[in-house]
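Below, all heavy atoms of this structure are taken into account, side chains as well, without hydrogens, waters or symmetry copies. Just so you know, residue 1 is the first one in the sequence shown, and it goes up from there.
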Amino acid sequence: PKVGIPRVLGGPIDGSLGFQNGNHSMFLTANKNGTVQQQTIYCSPSGSDSTGNGSASNPYKTPGYAIGRVSSQSGSADGLTVYLMAGSYSWGPPPYPYPATANRWIRLTPAPGVLRGEVVFNSWEGGGYRTRLVCADGVTIRGSVQLSSTAPPYLADSYLWVNNCVLEGPGADIDSGFFSASDWAGTYFTACDVSKNRNGIRSATFTRDCYVHDISSSPFGASPMVINSRCERRYNSTQFHGDIFHWFQDSNSLENFIMYGIRAVDFNSQGVFAEVHNGNAGQRTYVQMDNVAMVNVHMSKDANDASGSWWNRSTNHLLMWHVSMPDQVFRWGQSTMGTTLKNVSVIGSVFKAFSVTALPAGSVVERMHYTDPTYYQGMYPGSDVTTGNPGFVNPAAFDYSLTSTSPLRGRVPKTLTNVPIDARNVARGTLTAIGAYAGSSE
C-alpha cells in the first residue's frame, strides 16, 4: 500500500482467531500433471451398501457409507466426488471409522445428467460425515435437515461449503436452522437459494451470490463477508427477531468485515445493528470491530416502521460508500455506550437521518442525501448535502431506480470512491449517483 502498514497474509486454515479475522492466506490445489488423486463413486436410493461397489451400474445407497468405504480402501477421501442419482437422501449417518480428508473437499453432487431438484436431502441421521472438508454442490436440501459439524466435538478445523444449492426449510415461523456457524471453523455459501426457514445464512464465514427470502429472522447475521447477495420478504414473526446484519458482542477484537452489493427490501427490523453488550451495563464487552466496509448496499423496508440501524461498537476504519437506507435513521450510539469511533468515511449515501451522537471530528462525510429533514433531533452532516424525496421510481413496488429528476443523480465523481459498478452490476459513469444504484444513462 502507498499508506498505512503493509500486511503479509500467512498462517494455516485452522479456525484460529487470525483465520477468522481474514489474516491467513488462501490455499489452492492445482493438478497440472494429473498426479493429484481423483476419486469418484456413485450412490442411489435404490442402491445397496451390502452388494454395491460404487459404480454407476451398481451404486451404494448411503453417501456416508460410500465416503467411509473410499476412505478405508484408499486411506483418504481427499478430492472424492460422490455422484448422486435422482432421489431422496439423508445427511448422515456418519461412517465409522471416520473418513480422512486432509486438504481437499468431499463433494456431494448430482450424477451427470441429473438435475439439482432431483437430488434431495430431506432427513438427518446422526450428524454429518465427521471429516474436515465437506461440500454440497448443486443439490436440494429440504425440511429440518441440519448440516451439522463433521467431527465431534466440533473440531477447530472442520469446514462446510454449500454451492449452487436450494435450501428450503420447514417453515419461516419454526425454530430451525440449516446449520449452526458455531459448529464449524468455517462455513461458505455460494450461489444458493434459501427460503422458508427461521434464519437464512446467518453468520457464515463467506456468502456470495445468494438469495434469501421468506424467512423470519436474520438472513446474514454476524457474517464477516457478504458479496452480491439479496434478501426480501422477511416474514413478520411473532416470536423471532433478526436484523439483516447483527454483530453481537464477542470476547475477541474482530476485524475485516465486508458487505458489498447487498440488496435487502421488505423486512421489518433493523438493517444494521452493531452492538457492544448484551443489555446489562455491568456486562459490557468493549472489544474492537475494525476495518469495516459497506459498499453498494441498499436496505429499505416499511417507512412506517421505526426500527432504524445502530452502530455502537468501538471501531477504527469504517467505510460506507454508496449506501442507501432511505427509510432508516442511522443511530451512532457512542456517547451512550462509551465506545469510540476513528477514521470514518461516509460518501455518496442516503439515510433518513443521523441521530444520537455526532460523528467524531475528522470524519469524512460528503455527497449525502437525507430523506427526512424534520426528524426529531436529527443530524445531517456533510458537504454537498440535499434532503427530501430521493426520487425513486416506485418504492412501493421495491423499484429503487432513479427518476430523471432524482436529486441523487450525478453527484459523486467516480474517482472519489473508485466503485466501478452499482449494486445491480450496472456500470457507473464519470459522475455517478448517490446511493447503491447508478442512474440510467450516466
Parallel, tilted or perpendicular: rings of H213 and Y211 (30°, 60°): parallel
Point-to-point distance, once rounded to the nearest 0.5 Å, from CZ of F330 to CZ of F354: 7.0 Å
Student check: side-chain heavy atoms of T205 and Y188 closer than 4.5 Å: yes
Y83 to P110 - nearest heavy-atom pair and separation: CD2-O, 3.5 Å
Ring geometry between F398 and Y400 (parallel below 30°, tilted from 30 to 60°, perpendicular above 60°): tilted
Side-chain H-bond candidate by donor/acceptor type, N31 with R104, under 3.5 Å: no
Between CG on residue D193 and CG on residue L167, distance to nearest 0.5 Å: 8.5 Å
Spacing of S349 atom OG and I434 atom CD1 [to the nearest 0.5 Å]: 8.0 Å
S345 and W321: CA distance, side-chain angles, deciding distance, side-chain hydrogen bond (donor to acceptor under 3.5 Å, both in side chains) verdict: CA-CA 8 Å; S345 176; W321 291 353; 3.0 Å; yes
Donor + acceptor pair across side chains of N316, N343 (<3.5 Å): yes
Other residues, nucleotides, ligands: >12 heavy atoms within 6.0 Å of K414 NZ: yes
Shortest non-hydrogen contact between D49 and Y60, atoms and distance: OD1-CB, 3.6 Å
S229 side chain to I227 backbone, donor-acceptor under 3.5 Å: yes
Heavy-atom closest pair, residues F178 and G200: CD1-O, 4.3 Å
Which atom of W247 lies closest to which atom of R313, heavy atoms considered: O-NH1, 3.5 Å
Heavy-atom closest contact (S203 atom, A222 atom, distance): OG-N, 3.2 Å
Mutual orientation of the aromatic rings belonging to F273 and H246 [parallel < 30°, tilted 30-60°, perpendicular > 60°]: tilted
Side-chain donor-acceptor contact under 3.5 Å, D137 with N163: yes
Parallel, tilted or perpendicular: rings of Y370 and Y380 (30°, 60°): perpendicular
Stepwise ring pair (Phe, Tyr, Trp, His ring centres under 6.0 Å) test for Y159 and F19: CA-CA 12 Å; Y159 302 86; F19 166 77; 5.8 Å; yes
Short side-chain donor-acceptor distance under 3.5 Å, S300 and D327: no
Nearest non-hydrogen partners of P170 and G143, listed with the distance: CD-O, 3.2 Å
Donor on one side chain, acceptor on other, S55 and N53, under 3.5 Å: yes
From V134, L80, T101, residue fulfilling side-chain contact (heavy atoms from CB on, under 4.5 Å) relative to I67: L80
Atom pair NZ/CE of K301 and M325 - distance to nearest 0.5 Å: 10.0 Å
CE on M259 to CZ on F220, rounded to 0.5 Å: 11.5 Å
